[in-house]
Amino acid sequence: MVEPLHDPAFPTPDELPGPSLWRNGAFQRVWSAATISIFGSLVTRVALPFVAIVVLNADSVGVALVRSMDLVAGLAFGLVAGAWVDRLRRRPVLIWADLGRAALLSLIPIAWLGGWLSLPLLLVVTLLAAVLTTFFDAADHAYLPTVVPRADLVRANGALAASGSVSEFAAFGSAGFLVQILGAPFAVLIDAVTFLVSALLLGSIRSEEPAPPLKADREPVLREIAIGLRLVIRNPILRATTLASMASAAMWGIGGALWYLFAIEELGLDAAAIGIIAAVGGVSSLFGALITSRATARFGAGAVLIGGALFAGLGSLFVPLAPVAAPLVAIAFLVANQLVTDPAATAYDITDTSIRQSIVGDRQLGRVTATITVAVLLAQLVATLGAGFLALEIGLRNTLFLQPIVGVAGVLFLLLSPVRRIRTIEDAGVAVAD
């Protein structure tokens, strides 16, 4: 695979989202809502660990618990969420989830001002917000194919990933300064505002969503969940990409639990430096989003999946290799990690999502997505909590060396499956039968 930074040519117009997408009012609003809410969520991703570490004096286990709440919510409610969004119109689910998350996150600065912010309260708020995110994500992935033709899914997902990367750059680039200027609790309030804006944008969509199944045609929830599980297990492509995604999630779980502690406590970096380093990932993710269409056309969708998983795993090796005694060199290593892993992971995610949306039927897509999400979250939860406890025994740096090992191991699932033979999205097969 060509290293993006050594091949900086900007994609030609036909590799960017087609004009039809931007004449699609519903997609414009979905895209705008996603871009704005991603910005706020990424500010919160930086701010919450600082709330735990700086404001509440949490240790590695406490930080791991905060980072694990979204995983716990996904595991507890993911399958149910998938079944329900296949029964309902998806847009109302998206709107109410946005409004609920805005209200919950507003409690953090209020509690801090009132002097009653605590780690248990932070965990509860994070958990409840994560439950709503679980329903939002299940509905979001299933909603996109109802407003975008399936032939445009790669470009639509690429557009969402590209704007998400720009949001990542802007959010991480400013998050550290926002934490220092506003304080970590008030930086979280930015996320609440973006959820309100997202709800307003989604509420303004006027295109009709296909009607959900009639109540008489529905199966019991548990049976519908079982159908979603069987679809993933029996389809060799979905099975392989799910296992690879679980390995990748475990890799990110280790990093998510320890990256901030490692950067703050061992490398001595402050919030501003961490935010700038993370912002580099936004730029590189943007490049990954822009070249994915060209890469799949040249190398094939299967090769992009395999190469994305491989480079993402190898790139994580830069973090534990960052030296303590040379701050500038350490920063360079962390930046290198962002430059390699983020575009690779973005290309993988775009291709993986597009294949799934293409081969799975509309009213199974919520359950299939939820099944995969639960599997991925389980792997990430085990890795996150395990990394928090393991770091107490063998140290942050030694535990972080597990990241590349786990990440690269996931490539084997793709190599041993039909994924390696996929050239185009259409090659993945026809829609999964009922």
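Small disclaimer: the values here were computed from a predicted structure and weren't measured. Computed over heavy atoms, backbone and side chain alike; hydrogens, waters and symmetry mates excluded.
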Inset, instruction - Can you measure from CZ (Arg367) to CD1 (Ile225) and round to the nearest 0.5 angstrom? - result: 9.5 Å

Inset, instruction - Working to the nearest 0.5 Å, report the span between CG of Leu385 and CG of Leu381. - result: 4.5 Å

Inset, instruction - Take Leu334 and Phe318 through the test side chain to side chain contact (heavy atoms under 4.5 Å, CB included) and record every step on the way to the result. - result: CA-CA 6 Å; Leu334 297 185; Phe318 283 106; over 6 Å; no

Legend entry - Side-chain touch Ile110/Trp116, heavy atoms, less than 4.5 angstrom: yes

Inset, instruction - Determine the minimum heavy-atom distance between Ile205 and Val30, stating which atoms define it. - result: CD1-CG2, 3.9 Å

Inset, instruction - Can you measure from CG (Leu378) to CG (Leu75) and round to the nearest 0.5 angstrom? - result: 5.5 Å

Inset, instruction - Measure from NZ or CZ of Arg397 to the centre of the six-membered ring of Phe262, then state whether that distance is under 6.0 Å and the direction lies within 45° of the axis. - result: no

Inset, instruction - Could you give me the CA-CA distance, side-chain angles and deciding distance for Arg101 and Thr133, then say whether side-chain hydrogen bond (donor to acceptor under 3.5 Å, both in side chains) is met? - result: CA-CA 8 Å; Arg101 289 184 290 180; Thr133 298; 3.0 Å; yes

Inset, instruction - Report the distance from atom CG of Leu123 to atom CG of Leu128, rounding to the nearest 0.5 Å. - result: 11.0 Å

Inset, instruction - To the nearest 0.5 Å, tell me how far Thr399 OG1 sits from Leu261 CG. - result: 11.0 Å

Legend entry - Side chains of Phe401 and Leu317 in contact at under 4.5 Å (non-hydrogen atoms): yes

Legend entry - By side chain to side chain donor-acceptor pair (under 3.5 Å) - contacts of Ser245 (at least two apart): Tyr348

Legend entry - Polar side-chain atom of Ser284 near backbone of Gln338 as donor-acceptor pair, under 3.5 Å: yes

Inset, instruction - State, to 0.1 Å, how close Leu160 and Ala34 come at their nearest heavy-atom pair, and which atoms those are. - result: CD2-CB, 4.0 Å

Inset, instruction - For the pair Ser248 (side chain) and Ala244 (backbone), establish whether a donor and an acceptor sit closer than 3.5 Å, ignoring hydrogens and angles. - result: no

Legend entry - Arg421 side-chain N/O to Gly302 backbone N/O, donor-acceptor pair under 3.5 Å: no

Legend entry - Phe186: side-chain contact (heavy atoms from CB on, under 4.5 Å) partners, not counting sequence neighbours: Pro109, Trp112, Leu113, Leu182, Leu189

Inset, instruction - Report the C-alpha separation of Thr369 and Arg356 in whole Å, then their side-chain angles, then the decisive distance to 0.1 Å, and conclude whether the side chain to side chain contact (heavy atoms under 4.5 Å, CB included) test is met. - result: CA-CA 8 Å; Thr369 298; Arg356 182 165 65 250; 3.7 Å; yes

Inset, instruction - Compare every heavy atom of Val374 with every heavy atom of Gly78, then report the nearest pair and how far apart it is. - result: CA-CG2, 3.6 Å

Legend entry - Asp98 side chain reached by Phe136 side chain, heavy atoms, under 4.5 Å: yes

Legend entry - Smallest separation among heavy atoms of Thr341 and Ser316, with atom names: CG2-N, 3.4 Å

Legend entry - Minimum side-chain heavy-atom gap Asp140-Leu94 below 4.5 Å: yes

Inset, instruction - Check the pair Trp259, Ile254 against side chain to side chain contact (heavy atoms under 4.5 Å, CB included), reporting the backbone distance first and the verdict last. - result: CA-CA 8 Å; Trp259 195 93; Ile254 296 169; over 6 Å; no

Legend entry - Gap separating the CD1 atom of Ile405 from the CE atom of Met251, nearest 0.5 angstrom: 12.5 Å

Inset, instruction - Return yes if some donor-acceptor pair links the side-chain N/O of Gln380 with the main-chain N/O of Ala250 below 3.5 Å, else return no. - result: no

Legend entry - Within-4.5 Å side-chain heavy-atom neighbours: Leu65 and Leu119: no

Inset, instruction - Apply side chain to side chain donor-acceptor pair (under 3.5 Å) to Thr242 and list each qualifying residue two or more places apart in sequence or on a separate chain. - result: none

Legend entry - Flag side-chain contact, heavy atom, 4.5 Å: Leu117 against Val51: yes

Legend entry - Partner set under side-chain contact (heavy atoms from CB on, under 4.5 Å) for Thr292, not counting sequence neighbours: Thr296, Ala347, Ile350, Thr351

Inset, instruction - Mind checking side-chain contact (heavy atoms from CB on, under 4.5 Å) for Ile95 and listing every partner two or more places apart, or none if nothing turns up? - result: Arg91, Leu99, Ala199, Leu202

Inset, instruction - Report yes or no: does Asn235 contribute a side-chain atom to a donor-acceptor pair with the main-chain N or O of Leu231 at less than 3.5 Å? - result: no

Inset, instruction - Could you check if a side-chain atom of Ile108 sits within less than 4.5 angstrom of a side-chain atom of Val125, using non-hydrogen atoms only? - result: yes

Inset, instruction - Taking Asn337 for its side chain and Gly315 for its backbone only, find out whether a donor-acceptor pair lies under 3.5 Å. - result: yes

Legend entry - Matching residue for Leu310 among Val408, Leu415, Leu305 - test: side chain to side chain contact (heavy atoms under 4.5 Å, CB included): Val408

Inset, instruction - Of all the heavy-atom pairs spanning Leu414 and Ala309, show the shortest one and how long it is. - result: CD1-CB, 4.2 Å

Legend entry - Set of residues satisfying side-chain contact (heavy atoms from CB on, under 4.5 Å) with respect to Ala247, sequence neighbours excluded: none

Inset, instruction - Find out whether Thr35 and Phe39 are in side-chain contact, i.e. whether some heavy atom of one side chain is under 4.5 Å from a heavy atom of the other. - result: no

Legend entry - Candidate pair Leu144 and Thr353, rule side chain to side chain contact (heavy atoms under 4.5 Å, CB included), full reasoning: CA-CA 11 Å; Leu144 184 64; Thr353 301; over 6 Å; no

Inset, instruction - Please answer whether the main-chain N or O of Ile233 pairs with a side-chain N or O of Arg239 as donor and acceptor at a distance below 3.5 Å. - result: yes

Legend entry - Shortest non-hydrogen contact from Ala192 toward Ser106: CB-OG, 3.6 Å

